[in-house]
Amino acid sequence: MTKPIYVLNGPNLNRLGTREPQLYGSTTLAEVEAMCREAAGGRPLEFRQSNREYELIDWIHEAIDEGCAIVINPAAFTFTSMAILDALKMFPGPVIELHITNIHRREPIYHRSYVSLVATAVIAGLGPRGYAVAVAAALDLVASGP
């Protein structure tokens with residue numbers, strides 16, 4: 001059985017398309033999911049969003065047992081959650097941290113990512129298209145092995 005790529009989305013990303021369109025654009029999360037599924041080709045993909053930190057952690061734990069890669073946009077939890085950091089430390093495969101905006105061009109509070117401490121790669125500033133890039137990168141990393 002082919003293991004899925006987990007694409008995990010943090011708080012407020014369910015509001016994509018209407019949330020601060022000058023920063024995040026008008027693409028909805030449903031459209032982002034469609035882009036990810038297209039980029040994944042035949043690879044199974046678990047696409048999820050939660051505003052709850054514990055739920056993201058539970059999904060990371062699930063991915064530890066069942067997934068081959070994680071693409072994660074932790075949103076605000078990027079900068080606050082040591083619990084997500086600790087969960088991601090246990091994941092044996094590639095972890096790609098994703099941000100729609102370039103967090104390094106934003107206010108200083110957005111410059112320190114806990115997730116980057118364990119991420120295999122970081123993609124930021126490509127807008128919603130970054131998701132497809134992240135899924136393609138995850139496929140390449142899984143195919144190339146450890």
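Nothing here was measured: the structure is a model prediction, and the numbers come from that model.
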Decide if atom [atom1] of [X] counts as having more than 12 heavy atoms of other residues, nucleotides or ligands within a radius under 6.0 Å.
X      : atom1 : answer
Arg129 : CZ    : no
Arg15  : CZ    : no
Glu55  : CD    : yes

Looking at every heavy atom in both [X] and [Y], which two are closest together, and how far apart are they?
X      : Y      : value
Leu45  : Pro4   : N-CB, 4.1 Å
Thr101 : Ala124 : O-CB, 3.6 Å
Pro74  : Leu98  : CD-O, 4.3 Å
Pro128 : Val32  : CB-CG2, 4.0 Å
Ile5   : Ala138 : CD1-CB, 4.1 Å
Met35  : Ala132 : O-CB, 4.3 Å

Does a side-chain heavy-atom distance below 4.5 Å link [X] with [Y]?
X      : Y     : result
His61  : Ile57 : yes
Leu16  : Thr27 : no
Tyr114 : Ile84 : no
Leu56  : Glu53 : no
Ile72  : Ile60 : yes
Val115 : Leu85 : no
Glu66  : Tyr6  : yes
Gln49  : Glu33 : no

Between Glu62 and Arg48, does a side-chain contact (heavy atoms from CB on, under 4.5 Å) hold up when you go through it step by step? CA-CA 12 Å; Glu62 180 182 312; Arg48 301 179 186 172; 2.8 Å; yes
When you look at Thr78 and Glu97, which way does the side-chain hydrogen bond (donor to acceptor under 3.5 Å, both in side chains) test go after all the steps? CA-CA 9 Å; Thr78 303; Glu97 177 184 355; 4.7 Å; no
Enter the distance from [X]:[atom1] to [Y]:[atom2] here, rounded to the nearest 0.5 Å.
X      : Y     : atom1 : atom2 : value
Ile64  : Trp59 : CD1   : CH2   : 15.0 Å
Phe77  : Asn9  : CZ    : CG    : 12.5 Å
Leu139 : Cys68 : CG    : SG    : 7.5 Å
Cys36  : Glu31 : SG    : CD    : 12.0 Å
Ile100 : Glu20 : CD1   : CD    : 11.0 Å
Ser116 : His99 : OG    : NE2   : 6.0 Å

Which ILVMFWY residues are connected to Tyr54, directly or by a chain of links, through side-chain heavy atoms under 4.5 Å apart? none
What I want to find out is whether Glu46 reaches Lys3 closely enough, with some N-O distance under 4.0 Å, to be called a salt bridge. no
Same cluster for [X] and [Y] if Ile/Leu/Val/Met/Phe/Trp/Tyr side chains link at under 4.5 Å?
X     : Y      : answer
Met82 : Phe79  : no
Tyr24 : Leu126 : yes
Leu29 : Val71  : yes
Leu8  : Leu117 : yes

Angle between ring planes, Tyr131 versus Phe47, binned at 30° and 60°: parallel, tilted or perpendicular? tilted
Sequence neighbours excluded, the answer for side chain to side chain contact (heavy atoms under 4.5 Å, CB included) partners of Ala75 is Pro11, Leu13, Asn73
Sequence-distant partners of Ala137, side chain to side chain contact (heavy atoms under 4.5 Å, CB included), two or more places apart: Ile96
